[in-house]
Structures are given as C-alpha cells and as structure tokens.
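Shown next, in structure tokens, is the structure this report addresses.
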Amino acid sequence: MEISTFEILTKPIAPPIGGLEAVARRVVQGYFLTISNLEAIDLRYRIEFTVSLPVPADPNKILLNNAFLVVDVEGNNTSVTLTQHPGKPKVYRGFFTIPAHKTASVELLPILPGSLTPGLLEVRGYVSLFLPPRRSFPIPVPQSEKPVKVLLNPEIRGTFLPNEFSPLAAKAPLDFDQINYTLAIASGKALNEIPPEPGQPIIIHLPIVAPILEELRNGTLDLPSLDADNSEKAQMLVQLLAQIDTNDINLQELNTVMDKFDIPVRMSRS
C-alpha cells in the first residue's frame, strides 16, 4: 500500500542572495515512518522508496550512496540494507521485522558528513509498505490469512545548520534549529490494513546467479568485491537469502540444495 511522499535533503534552504548568505542556512532532513504492529504475531515488512529520477542523471538526486535506512524498535537503531529493485532503478527497498504489538521507527536519513559536501542532496518520491510472503523453502507462504492491521505516522524531521558549520572544525558554530511535521497519509487515516502478498515460487535467474554458484563451487567467490563486480548478482543473492525463513527445516532444505550443486557452503542460525 502507498503511504506518503518523502523528501530527504542536505542543501541550503534558499539560493544565496548577495548580502543575505547567512539567511540561507543548510537543512539536513530525513524521513521517519512510525509503524505499530497491532497483530499478535511478529511480522516482516518490505518498505519501498520510489524515487523521482532526475533527467538528466544527477548523483545528488538519487538514494544510492546518499542515504541509509535504520529501524528502531526498542531504542536501538538497526541498520537495514537498502537495495535497488532489480530491473527498476527508481525503486529502493528494505526488509525488517516488527514484533507483535510493538512500535518501530523506520528512518531514511542522509549519509553524514559525506552529503554536507557539496551539500546539494535533494531526493524525493513516494513510500509504499508491503507484507511479503514468508520464504519457506522451497514454497513461500503468506504471513497471514487476512490483511494485518497497522498504525502509521509519516513525518519529516530536519536540522538547520549554520553555513560555516563543519564537523571537522575545532570551533564550529552550534546555532542549530529543528523542524518536525507530519505528512499526509495516502489512505487518509492512521489505522490501516496491509494485505499479505501471496506465496510464489522463488525464481532464480540462472544467467545472473550461475556465475556466483560456480565461484562458490570453486571456492573463488570474493564477497568484499561481489557488489562492485556485479551489483545485480549481489542483490539477487542477498535478497534471496534474506527472505528465507530461518527455521531449521528450511535451512536443512537449503543446505541440501547447496550440496546437490556441490557447493561447500552451509547455512545455520547464529
């Protein structure tokens, strides 16, 4: 379901005007979505950020290398991998779990201090929330037999920084101000129901994944350079493994498949 628009910024609030440069302070702005899981079971969600891609291309107007995603359920920020949807470069998504009757803060934030220079980050689009199927290997199943209830509250929060501020400066000015306002919800209400996505076969595109399987088999897979070598392969492998329900039966099935491929890798719960 669609939730709201979003906009993250790290840029001056207005174009500099001769003699009034001090007025055009910089704003660092993030998107915050509060989600309450009203159900009696833990649920895993997928959040998607659909970006309004710039024409012509502009590295300061996309999420890649400019923003990160965190989820805070009980006071501890947990990083969530934010990846581009394969084949849909304007869509970025992440997966996270909210325990039963718990409330989480999902936060899309600019990367600091990197985005302060040159300070031209400006990304906007809209946010969607889904209930993906539980990846029971080899046949995924819906997480619920009926739509699940959630309370939603999207917000924009930001901080105004003096133009002279630098985190590396020994005597940087500390004249900060805050902004915080609620965004309109697409449904027009805070209480919403998210329909569960149906189970569907796990589709592995062999032309993309086959080289990874071959490297796994030969023991030559270099994980640190995987994303740099082929981001599409890396995203597909990471997303596939991340979506598998990590119970003992599923992991045993997965290990059996790995064994049949003669791949010397075993999955287990840490």
Side-chain angles (χ1 to χ4, degrees), residues 1-8 29-53 62-64 66-74 76-110 123-135 140-157 180-200 235 238-240 242-245:
M1 65 172 294
E2 282 64 47
I3 306 300
S4 70
T5 59
F6 80 92
E7 183 179 52
I8 65 170
Q29 176 176 293
Y31 174 83
F32 292 71
L33 177 62
T34 303
I35 306 173
S36 294
N37 175 9
L38 302 183
E39 303 294 336
I41 58 173
D42 297 357
L43 291 171
R44 187 166 179 269
Y45 303 88
R46 182 179 76 251
I47 192 168
E48 293 189 354
F49 299 91
T50 302
V51 175
S52 180
L53 292 178
I62 59 175
L63 293 179
L64 185 65
N66 287 322
F68 65 99
L69 186 65
V70 297
V71 174
D72 178 356
V73 177
E74 296 176 334
N76 295 316
N77 285 344
T78 301
S79 295
V80 175
T81 301
L82 187 64
T83 60
Q84 280 182 291
H85 190 298
K88 297 181 180 179
K90 65 181 180 180
V91 177
Y92 296 77
R93 60 187 183 178
F95 296 84
F96 56 90
T97 297
I98 302 179
H101 301 304
K102 295 284 188 177
T103 297
S105 175
V106 182
E107 305 163 11
L108 181 68
L109 305 170
V123 186
R124 63 178 61 93
Y126 62 90
V127 184
S128 306
L129 190 64
F130 303 91
L131 193 72
R134 181 179 293 109
R135 294 295 189 181
V141 296
Q143 294 189 65
S144 173
E145 296 180 354
K146 58 182 177 60
V148 300
K149 293 182 178 180
V150 291
L151 285 173
L152 302 173
N153 183 51
E155 295 179 274
I156 289 293
R157 302 180 192 175
N180 182 0
Y181 57 90
T182 300
L183 295 167
I185 300 179
S187 66
K189 57 184 180 179
L191 178 60
N192 293 272
E193 293 186 347
I194 303 177
E197 292 183 340
Q200 54 188 351
Q235 290 176 13
V238 170
Q239 290 170 5
L240 174 63
Q243 294 178 48
I244 293 176
D245 190 9

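For the numbers below, each heavy atom of this structure counts, side chains included, while hydrogens, waters and symmetry mates do not. All residue numbers refer to positions in the sequence shown, counting from 1.
The closest side-chain heavy-atom distance from L151 to N153 is not below 4.5 Å. Between I35 and L152, the closest side-chain pair of non-hydrogen atoms falls below 4.5 Å. V51 places a side-chain heavy atom less than 4.5 Å from the side chain of F6.
Closest of all the heavy-atom pairs between P154 and S4 is CB-OG, 3.6 Å. Scanning both residues, A67 and L108, for their nearest heavy atoms gives CB-CD1, 4.0 Å. Counting all heavy atoms, side chain and backbone alike, F130 lies closest to P132 at O-CD, 3.4 Å. The two residues G30 and P110 have their closest heavy-atom pair at CA-CD, 4.3 Å.
S144 places a side-chain N or O within donor-acceptor distance of the main-chain N or O of K146, the cut-off being under 3.5 Å. Remark: the backbone N or O of E7 is paired with a side-chain donor or acceptor of Q29 at under 3.5 angstrom. Judged by distance alone, with hydrogens and angles left aside, the side-chain atoms of Q84 form a donor-acceptor pair with the main-chain N or O of P89 at under 3.5 Å. Q143 places no side-chain N or O within 3.5 Å of a backbone atom of L131 that could act as its donor or acceptor partner. Under the 3.5 Å distance criterion, the side-chain polar atoms of E39 are left unmatched by any main-chain donor or acceptor of A100.
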| task | Show your working on side-chain contact (heavy atoms from CB on, under 4.5 Å) between N180 and E155 and close with a plain yes or no. | result | CA-CA 7 Å; N180 182 0; E155 295 179 274; 3.0 Å; yes
With side-chain contact (heavy atoms from CB on, under 4.5 Å) as the test, would you mind laying out the steps for V73 and T97 before giving the verdict?
CA-CA 9 Å; V73 177; T97 297; over 6 Å; no
task = Quick one: do K102 and N37 satisfy side-chain contact (heavy atoms from CB on, under 4.5 Å)? Show the steps, please.
result = CA-CA 6 Å; K102 295 284 188 177; N37 175 9; 5.7 Å; no
* To do: Just do the side-chain contact (heavy atoms from CB on, under 4.5 Å) check on Y45 and I194 with the steps written out, would you?
  => CA-CA 10 Å; Y45 303 88; I194 303 177; 4.2 Å; yes
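Atom CG of L129 is separated from atom CD of E2 by 10.5 Å, given to the nearest 0.5 angstrom. Note: E48 CD to Y92 OH = 13.0 Å, rounded to the nearest 0.5 Å. Rounded to the nearest 0.5 angstrom, I3 CD1 and Y31 OH are separated by 6.5 Å. One finds the CD1 atom of I62 at 15.0 Å from the NZ atom of K90 (value rounded to the nearest 0.5 Å). Going from atom NZ of K149 over to atom CG of L191 covers 6.5 Å, rounded to the nearest 0.5 Å. To the nearest 0.5 Å, atom CD1 of residue I98 and atom OG1 of residue T103 are 7.5 Å apart.
For the side-chain contact (heavy atoms from CB on, under 4.5 Å) with P99, the qualifying choice from L43, D42, I41 is D42, the only one to do so. The side-chain contact (heavy atoms from CB on, under 4.5 Å) test with L69 is passed by exactly one of L109, V80, T81: V80.
Residue N76 qualifies as open at atom CG: its count of foreign heavy atoms under 6.0 Å is 12 or below.
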